[in-house]
Amino acid sequence: MSRNFPTWDQTHWDYEKGNLNTETKKYAIEAGRRVKQHGGVLHYFAVGRVLEQENVDWLKEIIQAGHPVGNHTYDHVNVTATKAQDIQFRFRRAPWLIQGQTPQQVITENIRLATAAMKQRLGIDPAGFRTPGGFAKGLIDRPDIQQVLLDQGFSWVSSKYPAHPLGEPGKPVTTATLDAIIARQPEAQPFIYASGLREVPMSPVSDISAFRAGRWKLDSFLQAVRLGVEWAIENRAVFDFLAHPSCLYVTDPDFRAIELICDLVRRAGDRAAIVDLGTIAQRAKPWVSG
């Protein structure tokens, strides 16, 4: 769940990220159905706490449809946190849950728990790992976290989200802002860290950045998505659409973003395909600084 959705006054989701509501689940299922209808797959990432809910048939339906589901930590924790208060809102309110543990111990266990929950409740191994939040440099300066992921059996991560402008919140999105976002797309291409861990960056602009931070209108978001996908097709590159059903069911109830991407790929013919992030990870090249 995402703070400020479905209404701006809602912030309690910060403390119960995995307590998905009915609308979010329905949107997730329908998004996958639409993508599959167009011949692609939609790569999901689950917060482990959602598996504490009584019924997870909706998620099993997604898996049975052939869509991969990855690890998004158990409590939606900040994997780069070095202070206890920065790990997750839940642990600020209930610090006794992590008492006596270092931040890295908490993060490591949170990742392990999500994997254990997926294996036991869904009968699957997680398809990759996506960090809650994104980082402008990915994990390039956190070899310790890279190693944590490698030790837990992950061969790739999706953690990098290039920094970009959003314009003045609530104001019309300018061409200059859109141009600047497209200029960041080369920074969102897969690569390999020195540790051997593969990185599949998230492509700007995300739904949360646009609709929460920028207060964008849907048409502006769709324009940015269109430009990003067209850039990727033209440059034989990757566009990793970053979105949250808990946000989109409010801001894009008619699935216009999903349908737009599918239509652009269809029109591109054999120049484009909608694939899972594991497939994209195989395209990664060694990291080159600068």
Side-chain angles (χ1 to χ4, degrees), residues 1-2 5-6 10 13 16-76 110-132 153-158 200 202 206-208 211 225 239-266 273-281:
M1 298 303 296
S2 303
F5 300 99
Q10 293 187 328
W13 298 126
E16 45 183 304
K17 301 291 289 186
N19 190 22
L20 301 187
N21 61 16
T22 299
E23 294 84 355
T24 296
K25 297 173 189 176
K26 287 182 177 179
Y27 198 98
I29 292 171
E30 177 61 14
R33 187 194 68 79
R34 289 173 182 248
V35 171
K36 184 175 182 180
Q37 190 175 44
H38 286 278
V41 293
L42 198 161
H43 205 128
Y44 296 79
F45 291 91
V47 172
R49 284 189 72 190
V50 73
L51 298 174
E52 293 182 17
Q53 293 188 325
E54 181 179 4
N55 191 317
V56 293
D57 288 348
W58 66 278
L59 193 46
K60 291 180 179 179
E61 180 180 340
I62 285 171
I63 294 167
Q64 289 167 0
H67 302 291
V69 180
N71 184 319
H72 201 40
T73 76
Y74 196 81
D75 290 285
H76 203 263
N110 216 265
I111 296 169
R112 188 199 68 79
L113 277 176
T115 293
M118 292 175 70
K119 288 182 176 180
Q120 186 165 335
R121 198 80 198 276
L122 302 175
I124 63 168
D125 289 316
F129 182 83
R130 169 159 277 169
T131 60
F154 294 102
S155 62
W156 61 267
V157 63
S158 182
V200 184
M202 303 163 243
S206 77
D207 57 346
I208 292 296
F211 295 117
V225 170
F239 184 84
D240 178 10
F241 181 57
L242 170 58
H244 305 72
S246 56
C247 172
L248 288 185
Y249 90 79
V250 180
T251 57
D252 183 16
D254 296 321
F255 299 86
R256 291 177 62 190
I258 293 290
E259 291 293 345
L260 170 62
I261 294 170
C262 290
D263 185 58
L264 290 170
V265 171
R266 178 185 61 80
I274 301 175
V275 300
D276 65 283
L277 270 63
T279 298
I280 294 172

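Side chains included, hydrogens not; waters and symmetry mates left out as well; all remaining heavy atoms used. What you are looking at is a predicted structure, and each value in this text was computed from that prediction instead of being measured.
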Between the side chain of [X] and the main-chain N/O of [Y], is any donor-acceptor distance below 3.5 Å?
X    : Y    : value
D276 : V41  : no
Y44  : G32  : yes
K36  : A65  : yes
S2   : S246 : no
Y74  : A116 : no

Which heavy atom in [X] sits nearest to a heavy atom in [Y], and how many Å separate them?
X    : Y    : answer
T131 : M202 : OG1-CE, 4.1 Å
E16  : N19  : OE1-ND2, 2.7 Å
N55  : K25  : O-NZ, 4.3 Å
F45  : L277 : CZ-CD2, 4.0 Å
A28  : W58  : CB-CZ3, 4.3 Å
A257 : F241 : CB-CZ, 4.0 Å

Could you list the residues that satisfy salt bridge (charged side-chain N to carboxylate O under 4.0 Å, His left out) with K26, not counting sequence neighbours?
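By the salt bridge (charged side-chain N to carboxylate O under 4.0 Å, His left out) rule, K26 matches no residue at all.
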
Only counting residues at least two apart or in another chain, list the ones meeting salt bridge (charged side-chain N to carboxylate O under 4.0 Å, His left out) with E30.
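By the salt bridge (charged side-chain N to carboxylate O under 4.0 Å, His left out) rule, E30 matches R33, R34.
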
Separation of [Y] [atom2] from [X] [atom1] (nearest 0.5 Å):
X    : Y    : atom1 : atom2 : result
T115 : I111 : OG1   : CD1   : 8.0 Å
L20  : W13  : CG    : CH2   : 8.5 Å
F5   : C247 : CZ    : SG    : 3.5 Å
R256 : I261 : CZ    : CD1   : 13.0 Å
C262 : L42  : SG    : CG    : 8.5 Å
D57  : I62  : CG    : CD1   : 11.5 Å

Flag side-chain contact, heavy atom, 4.5 Å: [X] against [Y]:
X    : Y    : value
H38  : E259 : yes
L122 : V56  : yes
V250 : F211 : no
L59  : L51  : yes

Check ion pair R130-D240 (N to O, under 4.0 angstrom):
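A salt bridge links R130 with D240.
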
Inspect the contact between K119 and D125 and indicate whether a charged nitrogen and a carboxylate oxygen are less than 4.0 angstrom apart.
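Looking at K119 together with D125, the answer is yes, because their closest N to O distance falls below 4.0 Å.
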
Check the pair D75 / K17 against salt bridge (Lys or Arg N to Asp or Glu O under 4.0 Å), numbers first and verdict last.
CA-CA 7 Å; D75 290 285; K17 301 291 289 186; over 6 Å; no

Take N21 and Y249, measure what side-chain contact (heavy atoms from CB on, under 4.5 Å) needs, and give me the verdict at the end.
CA-CA 11 Å; N21 61 16; Y249 90 79; 3.1 Å; yes

Among D207, T24, T251, exactly one meets side chain to side chain donor-acceptor pair (under 3.5 Å) together with H244. Which residue is that?
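For H244, the side chain to side chain donor-acceptor pair (under 3.5 Å) check succeeds only for D207.
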
For the residue pair H72 and H76, categorise the inter-ring angle as parallel (less than 30°), tilted (30 to 60°) or perpendicular (more than 60°).
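Perpendicular.
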
